[in-house]
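Values reported hereafter were calculated over all heavy atoms of this structure, with side chains retained and with hydrogens, waters and symmetry mates removed.
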Amino acid sequence: IITSGSPEQLRDTLLPVSVNNAVELLEILDNNGNLFLSMRRVPGGQLLDYQFLKSGDNTLSKIDFVQKVINSQTDASGDKYSGTVLVGDQPAFYVAGPVFDDNNRQVGAILTGTRVRSLASKLREQTLSQITFYDRSGIPIASTFANPAFLDVNLAANIILSQDWQSPRRDLSGQRD
């Protein structure tokens with residue numbers, strides 16, 4: 001559909017799948033990285049409340065992890081990549097992968113995502129624990145705490161350096177939020 005169809009056809013195909021799987025953000029790019037279709041659930045809206053955009057915008061194709069997919073790069077883990085992107089004024093976590101036609105030729109890319117604020121809430125529900133996501137300088141970008149703590153920039157840098165082998169924890173036993 002990306003090479004021969006319309007964004008409306010693709011929307012009609014993907015909307016029921018997206019709703020049934022609670023997909024919050026879905027972006028379809030053509031093989032040049034241009035937006036073919038965007039489906040974004042309206043924050044705070046009902047399950048069927050999506051905003052649809054189509055055609056032309058190549059903003060996503062300029063992002064490193066999306067470029068890797070468009071350029072058919074693979075690594076030891078495969079052909080899918082992830083990263084964060086600002087959607088409006090909110091960060092969102094996306095996973096991007098290639099889209100192939102019936103002849104196994106790459107014809108585009110698909111990105112499926114979740115706003116980081118939604119991800120924090122879902123993790124809270126599933127783990128019954130509080131969670132805060134920080135940017136690289138220690139500023140909270142999403143949290144289930146009412147008043148999330150800011151991290152010292154040096155602590156944030158050390159956490160990033162050691163993230164492959166440890167996760168620091170804070171003792172909150174005396175704190176009530």
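Here the side chains of Ile159 and Leu151 are in contact, with some heavy-atom distance below 4.5 Å. Between Tyr94 and Thr84 there is no side-chain heavy-atom pair separated by less than 4.5 Å. The shortest side-chain heavy-atom distance between Ile139 and Phe150 falls under the 4.5 Å cut-off.
Note that the CG atom of Leu123 and the CD1 atom of Ile131 stand 4.5 Å from one another [nearest 0.5 Å]. The distance from atom CZ of Phe100 to atom CZ of Arg105, rounded to the nearest 0.5 Å, is 12.0 Å. The CD1 atom of Ile28 sits 11.0 Å away from the CG atom of Asp30 when rounded to the nearest 0.5 Å.
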Steps toward side chain to side chain contact (heavy atoms under 4.5 Å, CB included) verdict (Val66, Leu111): CA-CA 8 Å; Val66 178; Leu111 289 80; 3.6 Å; yes

Stepwise salt bridge (Lys or Arg N to Asp or Glu O under 4.0 Å) test for Arg115 and Glu24: CA-CA 8 Å; Arg115 290 176 182 88; Glu24 191 171 357; 2.8 Å; yes

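Leu155 and Phe133 are assigned to two separate hydrophobic clusters, defined by single-linkage of ILVMFWY side chains at heavy-atom distances under 4.5 Å. Both Val87 and Phe65 belong to a common hydrophobic cluster when Ile, Leu, Val, Met, Phe, Trp and Tyr are linked at side-chain heavy-atom distances under 4.5 angstrom. Hydrophobic clustering keeps Leu86 apart from Val116 (ILVMFWY residues linked when any side-chain heavy atoms are closer than 4.5 Å, directly or through intermediates). Put simply, Leu37 and Leu48 are part of the same group of oily side chains (I, L, V, M, F, W, Y) that touch within less than 4.5 Å, one to the next.
Residue-environment remark: CZ (Arg124) exceeds the threshold of 12 foreign heavy atoms within 6.0 Å. For CG of Asn103, the number of neighbouring non-hydrogen atoms (other residues, nucleotides, ligands) closer than 6.0 Å is greater than 12. Crowding of Gln166 atom CD: a count of heavy atoms from other residues, nucleotides or ligands under 6.0 Å exceeding 12.
Proximity of a side-chain donor or acceptor of Asn58 to a complementary backbone N or O of Ser61 within less than 3.5 Å is not detected. With hydrogens and angles disregarded, a donor-acceptor distance shorter than 3.5 Å links the side chain of Ser162 to the backbone of Asn158. Using a distance-only test at 3.5 Å, with no hydrogens or angles considered, a donor-acceptor pair links the side chain of Asn71 to the main chain of Gln67. Listed for the Thr144 side chain is no donor-acceptor partner under 3.5 Å among the backbone atoms of Gln130. Between the Arg41 side chain and the Val23 main chain, a donor and an acceptor come within less than 3.5 Å of each other. Checking side-chain atoms of Tyr81 against main-chain N and O of Gln73 turns up a donor-acceptor pair under 3.5 Å. Glu125 contributes no side-chain N or O that, together with a main-chain N or O of Lys122, makes up a donor-acceptor pair within less than 3.5 Å. Without hydrogens or angle criteria, Gln106 side chain to Val69 main chain gives a donor-acceptor distance under 3.5 Å. A donor-acceptor pair is defined here as one N or O able to donate and one able to accept, closer than 3.5 Å; no such pair exists between the side chain of Asn32 and the backbone of Asn34.
Minimum interatomic distance between Glu27 and Ser38 (heavy atoms only, all atoms of both residues): OE1-OG, 2.6 Å. Thr112 and Leu26 get closest at one heavy-atom pair: CB-CD1, 4.2 Å. Looking at every heavy atom in both residues, Asn31 comes nearest to Gly108 through OD1-N, 3.6 Å. Between Tyr134 and Gly138, the shortest heavy-atom contact is CD2-O, 3.2 Å. When all heavy atoms of Ala92 and Leu25 are compared, the pair lying nearest together is CB-CD1, 3.5 Å. Of all heavy-atom pairs between Gly33 and Ile70, the closest is CA-CD1, 3.4 Å.
Side-chain contact of Arg11 with Thr13: a donor-acceptor pair under 3.5 Å is absent, judged by distance alone.
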